[in-house]
Amino acid sequence: MSDRRPVVTRFAPSPTGFLHIGGARTALFNWLYARHTGGTFLVRIEDTDRERSTPEAVQAIFDGLEWLGLTSDRETVFQASRAPAHVAAVEALLAKGRAYRCYMTVEELNAERETSRAEGRAIRSLWRDREAGAGENRPYTVRFKGPLTGETVIADLIKGDVTLQNKELDDLVLLRSDGSPTYNLAVVVDDHDMGVTHIIRGDDHLNNAARQALIYEALDWERPAFAHLPLIHGPDGAKLSKRHGAQAVGEFADMGYLPEAMRNYLARLGWGHGDDEIFSDAQAIEWFEVSDVGASPARLDWAKLNHVNQHYIRLADDARLAALVETIHHDRQVPPSDAGLARMRAAVPLVKEGAQTLLQLADLTLFVMKARPLDLDDKTRGLLTDETKARLVRLRSAVSASEDWTVAALEPVIRAFAETEGVGIGKFGPALRGVLSGGSPAPDLASALVALGRDEALARIADAVGTDA
RNA sequence: GGUCCCUUCGUCUAUCGGUUAGGACACCAGAUUUUCAUUCUGGGAAGAGGGGUUCGACUCCCCUAGGGACUACCA
C-alpha cells in the first residue's frame with residue numbers, strides 16, 4: 001500500500017435490496033475519509049450476480065445515498081459491465097500459472113467439501129496440478145492457484161495485523177463455468193483499475209481480504225490498505241433485522257429523521273473524537289481517521305438517534321421543515337387549506353423545539369391545520385362549564401386588546417388575566433388549550449395563540465364559548 | 001467442525017501502564033411549569049472470568065466464556 005498516491009475510497013454495495021443502515025455507515029466512513037484526505041469517493045455497484053441484482057435495488061441505493069448526501073465523485077461503475085477486464089485478468093493469471101481450469105462436477109465438489117470439512121482443511125481441486133487432457137471439453141471453472149504454505153497478513157487499519165495461514169484458504173473460483181467472473185476476482189480487478197487506495201468495508205469481508213491480497217500479489221499489483229468496519233447490531237445485540245424497527249435508510253427518512261442527524265449519529269457509532277457528540281460535517285471531515293474507528297460492533301440506539309435528530313430539527317431552517325412537514329400532513333391525508341398551511345409554516349418555529357422527529361413535528365402542528373368549527377374532544381368539552389366559558393369570554397377580550405400578537409406580548413396578558421380573575425392559570429389554561437387545539441397536542445398558551453394568528457385564535461374561542469366576536 | 005474478529009456504565013464511547021475510570025443518551029430524584037415537552041440541579045450506573053508480565057494494569061501476553069463473520073460456480 002502506498003501513502004503517496006492520492007486517496008481513493010469506494011462504497012461497493014451489491015444491489016440485492018435496499019440501502020442498509022450498516023451500508024450507509026460504511027459509505028459515510030468512506031466519504032469522510034476521502035474528504036478528510038482531499039481524496040476521491042467512488043461508488044461501484046457489484047452486480048455480478050445477475051440473478052439477485054435488480055434495477056429497483058440499484059435505484060434504492062442511489063436514492064439512499066443521495067438522501068444522505070453521499071454521492072460518488074465520479075460516474076458510478078457497474079461491475080457487470082467490466083467483465084472483459086475481469087476475464088483478461090484471469091487469462092493473465094492462467095498464463096502465469098497462477099490459475100487453472102477445474103473440471104470437477106458438482107457431485108465431486110460436494111464430496112470434497114464434506115471430506116475437507118471433516119479433515120479440517122480447505123477444499124482442494126484435483127485439477128490443481130493436473131493438465132487437462134486434449135479431449136477434455138467438459139465445462140470448467142477457472143480457479144486461483146493459491147499458495148499451500150506460508151501465511152498472509154492483512155495490516156488492517158482497524159483490526160490490526162490479521163494473519164491467515166495460506167493452507168486454510170481454498171482455491172477460489174475466478175470464472176464460473178459460464179465464463180462469468182466471480183466477486184472476489186471482480187473486486188480486485190475493479191479496485192485496482194479504479195485506483196482505490198483504501199478499502200473500507202464491512203467486517204464480513206475480513207476473511208476475503210486475505211484471498212484478495214493473494215490475487216493482488218499474483219497479478220503483481222500494489223495492494224490497497226484495508227479497513228474492516230464492525231457491523232451494526234440491533235438494540236439487543238443481535239444482527240440488525242426487520243424486527244428492530246428499520247434497516248433501510250429510506251425507512252429512517254420516512255420516520256422523520258434528518259439526513260444530517262443520521263450522518264452525525266452514524267459517524268458517532270463506532271467512531272468518536274474525544275467527548276464530542278454533536279458535530280458538523282466539516283468537523284467530522286476534519287477529525288475523521290479510519291484508524292480511530294472502534295473494533296467492536298455497535299448497537300443501534302433509538303433514544304440517542306432521537307436526541308441527535310431533535311438537535312438538528314432545532315437547528316434546521318424553518319421553511320425546509322415546513323415543506324417536509326407539509327408532505328407528512330399530505331401523506332396522512334390531513335385536509336389541506338391555504339390558510340391552514342400558512343398557519344402551519346408560522347407554527348413550525350414555535351413548536352419545533354419539542355419534536356424529536358418530523359413525524360412528531362407534524363403532530364405538533366396538526367392543531368393549526370384544523371378547520372373551524374373544531375371538533376372538541378371529550379376532555380375539553382368536560383372542562384367547558386358555564387363558569388369556565390364565561391371566563392374564556394373575558395380572557396378573549398383581554399387578549400384581543402393586546403396590540404402585539406406575539407408570545408412576548410401575550411404571555412404577560414395571560415398572567416395578568418389570571419391575577420385579575422384571582423385564579424391560577426390552571427383554572428382556565430387546559431380549557432383554553434382544548435378550545436384552541438381541539439384536543440391535539442399544542443404548545444404553551446401564548447405560543448398556541450400566536451401560532452394560530454389573531455383572527456383564527458379569537459374565532460376558535462368564540463366558536464367554543466358560543467359568543468360572536 | 002475449522003479459521004478469523006470482537007468484549008469499559010443499560011447504550012454509544014474517552015482512556016493510548018500510574019485518573020476519585022471522563023462525557024453523551026437513557027434512567028431515577030428534585031426545581032420550574034397551564035398539558036406534553038423544554039429548561040435547570042442532583043444521583044445511581046462499567047473494565048466478562050482466570051492466569052501471567054510489571055514497582056504498578058482497563059490498557060501488554062495467554063487461557064476460558066460469551067458474541068459475530070467466513071468456510072458457495074452469493075456478494
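All values reported here derive from a predicted model rather than from experimental measurement. In what follows, chains are A, B, ... by sequence order, proteins preceding strands, each numbered from 1.
- When the nearest nucleotides of RNA chain B are assigned to A:Ala118 and A:Lys159 by heavy-atom distance, the more 5′-ward of the two goes with A:Ala118.
- Counting distance only, with no hydrogens placed and no angle test, the side-chain atoms of A:Glu168 and the base atoms of B:rG2 include no donor-acceptor pair under 3.5 Å.
- Residue A:Thr48 places at least one side-chain N or O closer than 4.0 Å to OP1 or OP2 of B:rA75.
- No hydrogens or angles were tested; on distance alone, nothing pairs the side chain of A:Thr182 with the base of B:rC73 as donor and acceptor under 3.5 Å.
- Taking only side-chain atoms of A:Asp301, from C-beta outward, the nucleotide of B:rU11, B:rA75, B:rG23 with the closest atom is B:rU11.
- Taking atom CG of residue A:Asp276 and atom C1' of nucleotide B:rC25, one finds them 15 Å apart after rounding to whole Å.
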*asked:* Strictly under 4.0 angstrom, non-hydrogen atoms only: write out the protein contact profile of nucleotides 37-45 of chain B, one letter per nucleotide from the 5' end, B, S or -.
replied: SSS------

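- Judged by distance alone, the side chain of A:Glu217 and the main-chain N or O of A:Ala213 form no donor-acceptor pair under 3.5 Å.
- Sequence neighbours left out, the pairs with a member in residues 430-448 of chain A that pass side-chain hydrogen bond (donor to acceptor under 3.5 Å, both in side chains) are A:Lys370-A:Ser440, A:Asp444-A:Ser447.
- In this structure, A:Arg268 does not reach the B:rA24 phosphate: none of its side-chain N or O atoms is under 4.0 Å from OP1 or OP2.
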*Protein proximity profile, nucleotides 28-34 of chain B - base contact B, sugar-phosphate-only contact S, no contact -, cut-off 4.0 Å on heavy atoms*: ------B

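- The side chain to side chain donor-acceptor pair (under 3.5 Å) search around A:Arg314 returns none, not counting sequence neighbours.
- Summary of the strand contacts: A:Ala298 and A:Asn207 both lie near RNA chain B, and taking for each the nucleotide with the nearest heavy atom, the more 5' one is attributed to A:Ala298.
- When each of B:rC12, B:rU71, B:rA75 is scored by its nearest atom to the side-chain atoms of A:Asp170, the top-ranked nucleotide is B:rU71.
- Rounded to whole Å, atom C1' of B:rA24 lies 19 Å from atom CH2 of A:Trp302.
- Annotation: side chain to side chain donor-acceptor pair (under 3.5 Å) contacts of A:Thr380 (sequence neighbours excluded): A:Asp377.
- Across all strands shown, B:rC55 forms a Watson-Crick or G-U wobble pair with B:rG18, both key distances being under 3.5 Å.
- For A:Arg117 and B:rG2, a side-chain-to-base donor-acceptor distance below 3.5 Å is absent, hydrogens and geometry of angles not being considered.
- For A:Arg52, taking side-chain heavy atoms from C-beta onward, the closest of the listed nucleotides B:rA69, B:rA24, B:rA75 is B:rA75.
- Every pair tested for salt bridge (charged side-chain N to carboxylate O under 4.0 Å, His left out) that includes a residue from residues 224-234 of chain A fails, sequence neighbours excluded, so the list is empty.
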